[in-house]
Structures are given as C-alpha cells and as structure tokens.
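Below is one structure; the comments refer to it alone.
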Amino acid sequence: MKPAPKTQSDNTKIFEFTPRDFARVRALIYRQAGISLGESKQEMVYSRLARRLRAKGINSFQEYLDGLESGRDDDEWVAFTNALTTNLTSFFREAHHFPILAEHMRKMKAPLSIWCSASSTGEEPYSIAMAACEAFDSPMPPVSIIATDIDTNVLEIAANGVYPIERIDKMAQDRVKRFFQRGRGERSGLVRVRPELRQLVTFKPLNLLAGNWALSGAFDVIFCRNVMIYFDKPTQGQILARFVPLMKPDGLLFAGHSENFMYASDAFRLRGKTVYELDPRHGGARKPA
C-alpha cells in the first residue's frame, strides 16, 4: 500500500519537483501540444500538476511522469494537457477586430464558414456569432462557426454558455438584452447565451499538433488569437502552413495583439491591425463553383 502524501503547510511544497522533473514536463507538453514553456514557468507547472498528483494519489513527480510516458492512461494525458493550458479570454477581446470581421462578412458570398481555433471557454466564438448577427441584422445569419480547443474542460463550459454576470459587465446593454438570458433564483448572478446564438457555434476538441484536424474547409475566416505565443517559430510555421489549404483565397486570419506571423510564414501578408490575408502565390482552398 502506498503511503499517503504529506500534508501541505504554508509555503511548503508537498512534492519534490526537481529541475529534471521540470525538464521532462517541458518536453512532454511540447511533444503533446506544441507548447513551449519558458524557464520562468516552473512554479506555475508545479502548482497545476501537484493537483493531479493529489488526485491520483501519487507521491512523486517522477512516478507521475513515468506513468504518463508509459502510455497506459490516455485520460491522464488529457488531464495533463488541460492543466498546462492557459485560458485567458473575454467577450469582444481585442475589439478592433470585430468591425473588420463584420465588413468582411458582408462582402463575402454566403453562406460563410468561420473557424475559431482556440475557443477557450467560449467568449471568443460567441463574440464572433454576435458580430455575425449584427452584421446581417438577423438572429440566424448565414454563418457557421466551428470552435475548437485542446482543453476539454473549457469546451464543456463553452458549450453550456453559462457565465458569471461579471463577464458581461462591460458589454453594451443592447447586446446583453439581445444575446443573453439572466438567471433567476438559484441561478441569480449568472447569464446564459441565448439558444439561437449557441446554435451558430459547434464546439469540438482539436489539438493543433494532431496529424489529422478532421476539419472541412474552406473557411472565410480563421481566428487564431493568443495561442501561437505558446509555440516556437518552427511550430508556428507548421500550423500556418496547414491553415493555407483550409482558407478561401480571399479569407482572413485574425491573430493576437502580441503575435507576428510575418516571421513564421511567407504564406500570409499583413493587412493591418494583426489581421492577415493569404499571399496570392499560395492560393488557398478553391472557391466553390
């Protein structure tokens, strides 16, 4: 029988976490998800993975990582990846993108297809859906949105579409009334995305490093915001190269405010405000007849 893990006291780590353990974690998450963890992330990694050790009743990082590498526990690989995934998001984050998106949608031939490749807890794809409803002045715009993420926990939250009311406190009241339902009674303090808006978005798990993305293009728009910063330049280039055949020739790629794809790929050219378009030399997906 295994001895019980030590009890944690204030400012005391209950598990030994050596530089070798940290190096193994960095190698494993890079191999699994392409995430490049910097040296400064050691405390964050310990904090998040220590919870997994406690949950599994494991007494050392070496034992935990040995178990992962043995390949006998696929579910724990999912939990490991979820634990090390950062999910910082908000509704209409980087607001300057949404007027550009609306203008682009109105110009394109319907129906339109949009891929949000790092959906987190859903605020970004629902913001895209709201922008589509406003652009076409319709609760059922000719737009379908695929929203993916590697983290299965956040996808469950996203699909439910339920948020603390504080998440929309900076949103215009006309949007709140149009797109959200306020909770009552036991659900007071919560809001839920209206069903007609949720119907515009399909959530599914996807690892950008997976060999098969199981997606069918061609997309008018791809959102890949604030995720490439976790990848090194070679990995960024590989992912961008895989975007190309999934995009319509006149499609747009939206990046995060701190991301610059010009140094990772020559397939895209900057249109402005961290919005990219395909370089004509690289073609993209063929338009339907």
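The shown structure was predicted, so the numbers you read here are calculated from the model rather than taken from an experiment.
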- Message: Please check this pair: side chain of Asn82 against backbone of Thr152, looking for a donor-acceptor N/O pair closer than 3.5 Å.
- Response: yes
- Search all heavy atoms of Phe22 against all heavy atoms of Gly38 and return the closest pair with its distance. CZ-O, 3.5 Å
- Message: If you apply the rule side-chain contact (heavy atoms from CB on, under 4.5 Å), what do you find for Leu278 with Phe243, and how did you get there?
- Response: CA-CA 10 Å; Leu278 281 171; Phe243 283 165; over 6 Å; no
- Item | Whether over 12 other heavy atoms sit under 6.0 Å from Met140 CE | no
- Considering all heavy atoms, the nearest Ala135-Met105 contact: CB-CE, 4.0 Å
- Mark yes or no for whether Asn226, through its side chain, and Gly256, through its backbone, hold a donor-acceptor pair below 3.5 Å. no
- Query: Given the rule that I, L, V, M, F, W and Y join up when any side-chain heavy atoms are under 4.5 Å apart, are Val162 and Ile165 in one cluster?
  - Reply: no
- Query: Crowded around Arg20 CZ? As in, over 12 foreign heavy atoms under 6.0 Å?
  - Reply: no
- Query: Crowded around His96 NE2? As in, over 12 foreign heavy atoms under 6.0 Å?
  - Reply: yes
- Message: Pair Trp77, Leu28 - check side-chain contact (heavy atoms from CB on, under 4.5 Å), show working.
- Response: CA-CA 10 Å; Trp77 270 112; Leu28 288 171; 3.6 Å; yes
- Message: Evaluate Asp66 against Arg24 for salt bridge (charged side-chain N to carboxylate O under 4.0 Å, His left out), listing each step before the verdict.
- Response: CA-CA 10 Å; Asp66 286 347; Arg24 289 181 71 187; 2.9 Å; yes
- Query: Would Ile157 and Leu190 show up in the same hydrophobic cluster when neighbours are defined by side-chain heavy atoms closer than 4.5 Å?
  - Reply: no
- Task: Measure the shortest side-chain to side-chain distance between Arg26 and Glu39 over non-hydrogen atoms and say whether it is less than 4.5 angstrom.
- Result: yes
- Note on the structure: Here the gap from Arg167 atom CZ to Glu123 atom CD, rounded to the nearest 0.5 Å, amounts to 4.0 Å
- Task: Decide yes or no for Lys233 and Gln236: does some side-chain heavy atom of the first lie under 4.5 Å from some side-chain heavy atom of the second?
- Result: yes
- For side-chain contact (heavy atoms from CB on, under 4.5 Å), just list the numbers for Leu84 and Ile35, CA-CA rounded to whole Å, side-chain angles, deciding distance to a tenth of an Å, and then say yes or no. CA-CA 9 Å; Leu84 296 180; Ile35 296 173; 5.5 Å; no
- Query: Between Leu200 and Cys133, what is the shortest heavy-atom contact and its length?
  - Reply: CD1-SG, 3.8 Å
- Would you say Thr202 and Ser144 make side-chain contact, with heavy atoms under 4.5 Å? no
- Message: For Glu69, I'd like to know if atom CD has over 12 heavy atoms of other residues, nucleotides or ligands within 6.0 Å.
- Response: yes
- Is the backbone of Val193 close enough, under 3.5 Å, to the side chain of Arg198 for a donor and an acceptor to pair up by distance? yes
- Task: Specify the closest pair of heavy atoms between Ser60 and Phe15, including all atoms of both residues, with the distance to one decimal.
- Result: N-CD2, 4.4 Å
- Here the pair of heavy atoms bringing Ser120 nearest to Asp149 is N-OD2, 2.9 Å
- If you measure from OH on Tyr30 to CG on Leu37, what distance do you get to the nearest 0.5 Å? 12.0 Å
- Main-chain N/O of Thr89 paired with Glu124 side-chain donor or acceptor, under 3.5 Å: no
- His104 (side chain) donor-acceptor with Gly251 (main chain) under 3.5 angstrom: no
- Message: Between Asp21 and Tyr64, is there a side-chain donor-acceptor contact under 3.5 Å, judged purely by atom types and distance?
- Response: no
- Just by distance, do the side chain of Asp220 and the backbone of Ser113 share a donor-acceptor pair under 3.5 Å? yes
- Task: Would you indicate whether Arg187, at its atom CZ, is surrounded by more than 12 heavy atoms from other residues, nucleotides or ligands within a distance under 6.0 Å?
- Result: no
- Please lay out, stage by stage, how Val221 and Trp115 fare under the test side-chain contact (heavy atoms from CB on, under 4.5 Å). CA-CA 6 Å; Val221 175; Trp115 176 24; over 6 Å; no
- Supply the atom-to-atom distance Lys248 NZ to Phe219 CZ, rounded to the nearest 0.5 angstrom. 10.0 Å
- Please tell me if the side chains of Phe231 and Gln238 come closer than 4.5 Å, counting only heavy atoms from C-beta onward. no
- Under a 4.5 Å cut-off applied to non-hydrogen side-chain atoms, are Leu197 and Met130 in contact? yes
- Item | Co-membership, hydrophobic cluster, residues Phe254 and Met108, 4.5 Å side-chain | yes
- Item | 4.5 Å side-chain heavy-atom contact, Ser36 and Thr235 | no
- Task: Give me the ring orientation class for Phe17 and Tyr46: parallel if the planes are under 30° apart, tilted from 30 to 60°, perpendicular past 60°.
- Result: tilted
- Item | Donor-acceptor contact below 3.5 Å, side chain Ser117 vs main chain Phe223 | yes
- Item | Contact summary for Phe92 and Ser127, nearest pair of heavy atoms | N-OG, 2.8 Å
- Message: If you define the side chain from C-beta out and look only at heavy atoms, does anything of Thr148 sit under 4.5 Å from Asn207?
- Response: no
- Item | Interatomic distance, Glu186 atom CD to Arg184 atom CZ [nearest 0.5 angstrom] | 14.5 Å
- Query: Got a second to check how far Leu240's CG is from Met228's CE, nearest 0.5 Å?
  - Reply: 3.5 Å
- Do you reckon Tyr230 sits in the same ILVMFWY cluster as Val78, going by side-chain contacts under 4.5 Å, direct or chained? no
- Task: Please answer whether the main-chain N or O of Val227 pairs with a side-chain N or O of Glu259 as donor and acceptor at a distance below 3.5 Å.
- Result: yes
- Message: Under a 3.5 Å cutoff, is there a donor and acceptor pairing between the side chains of Tyr163 and Thr121?
- Response: no
- Item | Path from Ile150 to Val154 over hydrophobic side-chain contacts below 4.5 Å | no
- Query: Counting distance only, does the side-chain N/O of Arg225 pair as donor-acceptor with the main-chain N or O of Arg93 below 3.5 Å?
  - Reply: yes
- Note on the structure: Rounded to the nearest 0.5 angstrom, the CZ-CG distance for Arg106 and Leu101 is 9.5 Å
- Please report the C-alpha distance between Lys273 and Glu94 in whole Å, then the side-chain angles of each, then the deciding distance to 0.1 Å, and finally whether the salt bridge (charged side-chain N to carboxylate O under 4.0 Å, His left out) criterion is met. CA-CA 10 Å; Lys273 296 185 178 181; Glu94 302 187 46; over 6 Å; no
- Expected output: side-chain Tyr276 to main-chain Phe261 donor-acceptor under 3.5 Å: yes
